[in-house]
Amino acid sequence: MIDFQILIDNFNEYPYLIKLAWVVSAILGALIILLTVYLKFVRTILRKKEANSLEFRKEYEALLIEYLYSGTEEGGISEIQKNIIEELKKHVTVKSKRKVIISVLYKLMNEVSGEVTDALKVLYKNTGLMHYALIKINSKKWHVKAKGIGELTKFKIESVQEKIEQLLVHPVREVRKEAHLYFVNLFYFEGLNFLDIIKTPLSEWDQIQILEILQKSNDQEICDIKPWLQSKNETVVLFALKLAKVYNQYEVKDELMNMLSHNSKQVRIQVIEVLTHLYGIEAKDVLKANFTQLSLEEQISFFGLLEKLVIPDDEPFVEKHLFHKDFEIQLLALKILKSINIDKYLGLNKLPPSQKSLAMLKLENV
Amino acid sequence: MDTSTVKIILQILHYLFFGYAFAAITSYIVLSILSGKETLKYLKKNSFVNYKDILSSTESPSITIIAPAYNESLNIVENVRSLLSNHYANYSVVIINDGSRDDSLEKLIESYDLEKIDYVVNEKLKTQPLRAGVFKSKNPAFEKLMVVDKENGGKADALNMGLNISKSKYVACIDVDCLLLEDALQKMIKPFLEVTDSKVIATGGVIRIANSCVIRGGKLIDVNLPKNLLVQSQILEYLRAFLLGRMAWSRLNGLLVISGAFGIFDKEIAIKVGGYDTNTVGEDMEIIVRMRRYMEEQGRKYKVSYIPDPLCWTEAPDTYKIFISQRNRWTRGTIETLKKHRKIGFNPKYGSFGLLSYPYWLIFERLAPIIEAVGIIYFTILVALKEVRWEFALTFLLLSYLFSVLFSIVAIYSEELTFHQYKKKGTGFKLVLLSALEPFVLHPFILYAAIRGNIDYYFNKKKKWGEMVRKGLSTVEA
């Protein structure tokens, strides 16, 4: 007791700075001890959670497979299936268990098709899982909302489309994106109507995802993309161009020709690429005439088009650009010349080195 | 000078040291808070992302993995196999054999059935010339692979050759001995594709240490904590640096470095700025600073992104000699880059890049070892002169030690609550114990290496990369 008093007296004599440093040190020390002990607890919980999740997964996988194989021949719900639904109803009230059930259902949805998918949808609705997804989409937290939409998309729940329609213009990008994916997943090309109204940009990531969903669907009857090619939203235009290419939209060639003078360079480059893909031979003369006004990227794209659609009449134009300032164009011009007039191409070898382009010199050394 | 003047000078010096330490600690606290916020946002954002669509899409942008190799004969075949096992649809692998003197090329030719092809290199960036040429595989199973054999020019030169060869929009520059997880490319490409209001010029990922981990068929099977204390300490250091430091700088859009071990770049911008600088040993930092500088000077909105997923695993030095050599090089790289781009520092024209990122790196990265060394020398003099006020010295020593331990523990928590890679029982306690030991077993060597790096930079200009001996990761037969 006396020793403590001496320590306290000594402490009181220290300058304020030291006193403060000791107080902070004591707090830090206490925090270190607390966090060390708590870490053990956290790690144990995490391990336990993982083990439980594994165990639940096995249990639910077995249960759900049994569910899938015990349907009636008429496609209705059998007694066994009803019992399984009742059993699962008790489990979905626990968040951790619900998570595992959803993930097993996701996996099964990816592996099955047709009537079996319908059976899973019935289970999803009747166990109350859909109810929890609806709670999620009403959440104030954007990531919970987005997760909820994702879930309803996966199980193709059409009855909530009005609610999700309102989220197409949600201020958070992720929520909007999930809402877009919902409509595309459920209604394919018809679900693309949101492109008429969106004012926010559609990212490259979103575009790829939407295209992939469309390509995987059985419905390959594409709608009219012309209005989107004229959209004021540049990303919608870029997406429509992707659709034109993937779905070989020869009927929009005239629109594409008009778009060669679009305000956006990125759009113009992509238009040339789509025209190349669609054998847009008509574009050649227009681009040749404006060649010097084009940006370097457009010029390279145009030479890509020429490489595919060249005819002997193009020879003078190609020859003119054998000495273009850009190496890539020099190389493409040589390649094109070789394909239309091999003698002239071989004749270039006779030029003295000082009169050769960099591409010619490089080719010689290969 | 009379004694009172000396006293005043000493007093000022003390306050400067104190102020520096206080500012450093405050910055660490602020960075950890920002990093926590950014990590949480990232996890929320990606908790419902479907990466499968990007994987199979033919519309996904092309990526070229560029991996320079120099005398990597020991593991080159397995390493290339690992790079070829990525799940991304639209990618290719370009191995640049940078004038290796061993049989790397022969091994690659034999293992991957390579044949020489006619290939015209568009020399947008000046590099050392080709040696044996360009090779592609006759086996369609390896159609994504291309091997380029060139004269030795160093890592930066090899990467530049890769930039010349690549036909993709994006390039992933990696160390050939790194283990890339199968989903690495789709996760790393996402920031480039999802941003619409600015341009992402580069994305970096967390680098994890693979020593003692089990790898089978180019895949990471089991994560273990190594027995070697030096490697263990580096694991803790990496956790701090990547999970607490770089995530925060990513939030501030102030990242100045993306690890040379793994990063994805917008090829167009990388070439526009002149590619990698072959005259520096810190080419990974230098190219990021130059790309940022270019974007700032062009007045274009841009971002250097960063993702916290453990996607790239590498071998860390397990001897002090190699470790010191590596850190010496890192120090010289930092000095060279900051010196070369000194125009940016404290320059409002460069916005937060010039007023925040650059000054932070200069003050708390570049100058930190020098200030620490000066502090130690000064303290030693005071001890010799019996001028130390021990109650102050010991109190603040204890305080800084406790703070460093706590900071490491926060990094451990950050790892546990997010990616939880070290799952085995007892590892948590070992990591906490390491937090207490690390200031003694790692920090002094980092300080020594940094001081040596400064000395070498100013007095030994000829010193280049230094030694980095690889032993190879623990691979198990498939």
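Note that the coordinates shown come from a computational prediction; the quantities given were computed from them, not determined experimentally. All chains are named by letter (A, B, ...) in the order of the sequence lines, taking the proteins before the strands, and each is independently numbered beginning at 1.
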Check your understanding: Going through the distances and angles, do E416(B) and R43(A) end up as a side-chain contact (heavy atoms from CB on, under 4.5 Å)?
Key -> CA-CA 7 Å; E416(B) 292 296 341; R43(A) 284 178 58 87; 2.5 Å; yes

Revision key, fill the gap. The interface call for V144(A) against chain B, heavy-atom contacts under 4.5 Å, is neither

Exercise for review: Taking the side chain as every heavy atom from C-beta outward, state whether I409(B) and L39(A) have any pair of such atoms under 4.5 Å apart.
Suggested key: no

Practice item. Measure up the Y38(A) and Y413(B) rings against each other and bin them: parallel (under 30°), tilted (30 to 60°), perpendicular (over 60°). Key: parallel

Point to revise | Residue pair W205(A) / V49(B), side-chain heavy-atom distance below 4.5 Å | key: yes

Review point. Where on L331(A) is there a heavy atom nearer than 4.5 Å to chain B: the side chain, the backbone, both, or neither?
Key: side chain

Review point. Where do K44(B) and E174(A) land on the salt bridge (charged side-chain N to carboxylate O under 4.0 Å, His left out) test, with the steps shown first?
Key: CA-CA 10 Å; K44(B) 275 181 187 172; E174(A) 277 72 20; over 6 Å; no

**Study point:** L431(B) portion near chain A, given a 4.5 angstrom heavy-atom threshold
**Key:** neither

Point to revise | Side chain / backbone / both / neither for S57(B) at chain A, heavy atoms under 4.5 Å | key: both

Revision key, fill the gap. Honestly, the part of E212(A) sitting under 4.5 Å from a heavy atom of chain B is side chain

**Study point:** Non-hydrogen atoms of E268(B) and E297(A) that approach each other most closely
**Key:** OE2-OE2, 4.1 Å

Study note, to complete from the structure: So, the part of K425(B) with a heavy atom under 4.5 Å from chain A: the answer is both

Point to revise | Test item: F429(B) and K40(A) side chains (from C-beta on) under 4.5 Å apart, heavy atoms | key: no

Exercise for review: Tell me, for L211(A) versus chain B, whether the close heavy atoms (under 4.5 Å) come from the side chain, the backbone, both or neither.
Suggested key: side chain

Exercise for review: Check each atom of N50(B) against the heavy atoms of chain A and say whether the ones under 4.5 Å are side chain, backbone, both or neither.
Suggested key: both

Study note, to complete from the structure: If one checks every heavy atom of T427(B) against chain A at 4.5 Å, the contacting part turns out to be both

**Study point:** Carboxylate-amine/guanidinium contact K362(A) E123(B), below 4.0 Å
**Key:** yes

Check your understanding: Taking it one step at a time, do E194(B) and K177(A) satisfy salt bridge (charged side-chain N to carboxylate O under 4.0 Å, His left out)?
Key -> CA-CA 11 Å; E194(B) 66 182 356; K177(A) 188 194 81 183; over 6 Å; no

Revision key, fill the gap. Sequence neighbours excluded, the answer for ring-ring contact (aromatic ring centres under 6.0 Å, His included) partners of Y91(B) is none

Revision key, fill the gap. Bottom line for F403(B): the part with an atom under 4.5 Å from chain A's heavy atoms is both

